[in-house]
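Single-structure report; data block below.
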Amino acid sequence: MRVFTKLFELLSALVLVAAPAAAETTQEVVNKGPNGLALTPPMGWNSWNKFACNVNEQIVRDTTDAMVASGMRDAGYQYVVIDDCWHGPRDADGFITADPQKFPSGIKALSDYVHSKGLKFGIYSDAGRLTCGGRPGSQGHEYQDALTYARWGVDYLKYDWCSTGDRNAKEGYALMADALRQSGREIVFSMCEWGTAQPWLWAQNIGNLWRTTGDISDDFGTKKKAHDWEHPMLQLLDWNEPLWPFAGPGHWNDADMLEVGNGGMTPTEYRSHFSLWAMMASPLMAGNDIAHMDDKTKSILLNKEVIAVDQDRLGVQGRRAWKDGNREVWAKPLAGGGRALLLFNRGETPAAIRATAEQLSWPAGIRAKVRDLWAHKNVGRWSGSIETTVEPHGVAMFTVGP
Ligand code: GLA
């Protein structure tokens, strides 16, 4: 950890004192990932958290329409991803088909529809014999499946890790990464190995994003869970945070899809979930029913100032800079030398939280502008620290910079 801390200080100092263009150039040259795609964390929608195996063609079409009508597309949510359970059987030649009941028009027609609305299309498979939902996996069919996806116009593949037995994770993911490259189409590769084999250590030139944990449950922090593999939002946060040195343009730590709008957390908690994911430069894949979301949900998912923190082109994952019990300060270096700053109260009562220049690895004398990203207003100038009272389970989020 001490090495990481030193690294962060070094990086912070660099970002601050070097001309911004120099820091960005280094990032851009060194860290392009496996295929030049996903230079900012992918954004979009995924069917799993809300619809699980009940996904069908109509839901995907309605969601696509709603992504446009609600302003999600224009806010940067790009990929419409069908998760597990779209599959039918393999045909006589081994090519995968869609479930004819749920997807009667076929996947190509759906992909065309999504593209016609100015969005991109994603799909799901698995490195084992079967997907986690028990559908045909890609093992032994990697090149054939990648070719099929390319023919269907797939832009994003989420690749899961169920039924893999003693398969080597690096080998399994590298094989599909190669198949995708050979397919002739640019396809973002989203690895879903749950962090078991520590993909952040070896996947920078294989995947564009890798899950770092088991599945999210729609729960702030109580650890009540339906399955062993599910974890509350706070648990995922704490597992994903220390991995900040491994994220960068083209290769992101994926703290799992969003639960915002699914009903298990309060609006305050969802604001925290969304803000924290943005601080961690995690992919922002909405996981709710976009066609029927309420105004509170919309105001969270469509907060363009928070989205901009996630999407900042410097591509540095933010980290916890200070903690005292339930009170935390998080910082994320931004292109141009500023910081996103988040004050987080994990506790059950309001808490005064103070962020200081020292926590940001900044010299005390720095002067900067401060903007509140949830109040959407400028709140004066930074002169060494900022303090505010944060509601239980809530955040205050700012940018501090030139
Ligand atoms: C795993 C993944 C989830 C989801 C399901 C589908 O649990 O981690 O994100 O894709 O499989 O069955």
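Indexing begins at 1, ligand by ligand and atom by atom, following the structure's order. For the single chain, residues carry numbers from 1 onward in sequence order. The analysis underlying the following values was restricted to heavy atoms, covering all of them including side chains, and did not include hydrogens, waters or symmetry mates. Note that the structure is predicted; figures quoted are calculated from it, not measured.
Under the 30°/60° scheme for interplanar angles, the aromatic rings of F189 and Y159 are found to be tilted.
A donor-acceptor pair shorter than 3.5 Å can be found between the side chains of W330 and E328. A donor-acceptor pair shorter than 3.5 Å can be found between the side chains of W210 and N253.
For A352, the side-chain contact (heavy atoms from CB on, under 4.5 Å) criterion is met by E387, T389, not counting sequence neighbours.
Annotation: ligand 1 has protein neighbours W48, D83, D84, Y124, C132, G133, K158, D160, C192, W194, R211, D215, M257, each with a heavy atom less than 4.0 angstrom from the ligand.
R61 forms a cation-pi arrangement with Y113, by the criterion of a distance under 6.0 Å to the ring centre and an angle within 45° of the ring axis.
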Problem - Intermediate values then yes/no, side chain to side chain donor-acceptor pair (under 3.5 Å), T148 and D145 - result: CA-CA 5 Å; T148 303; D145 284 357; 4.9 Å; no
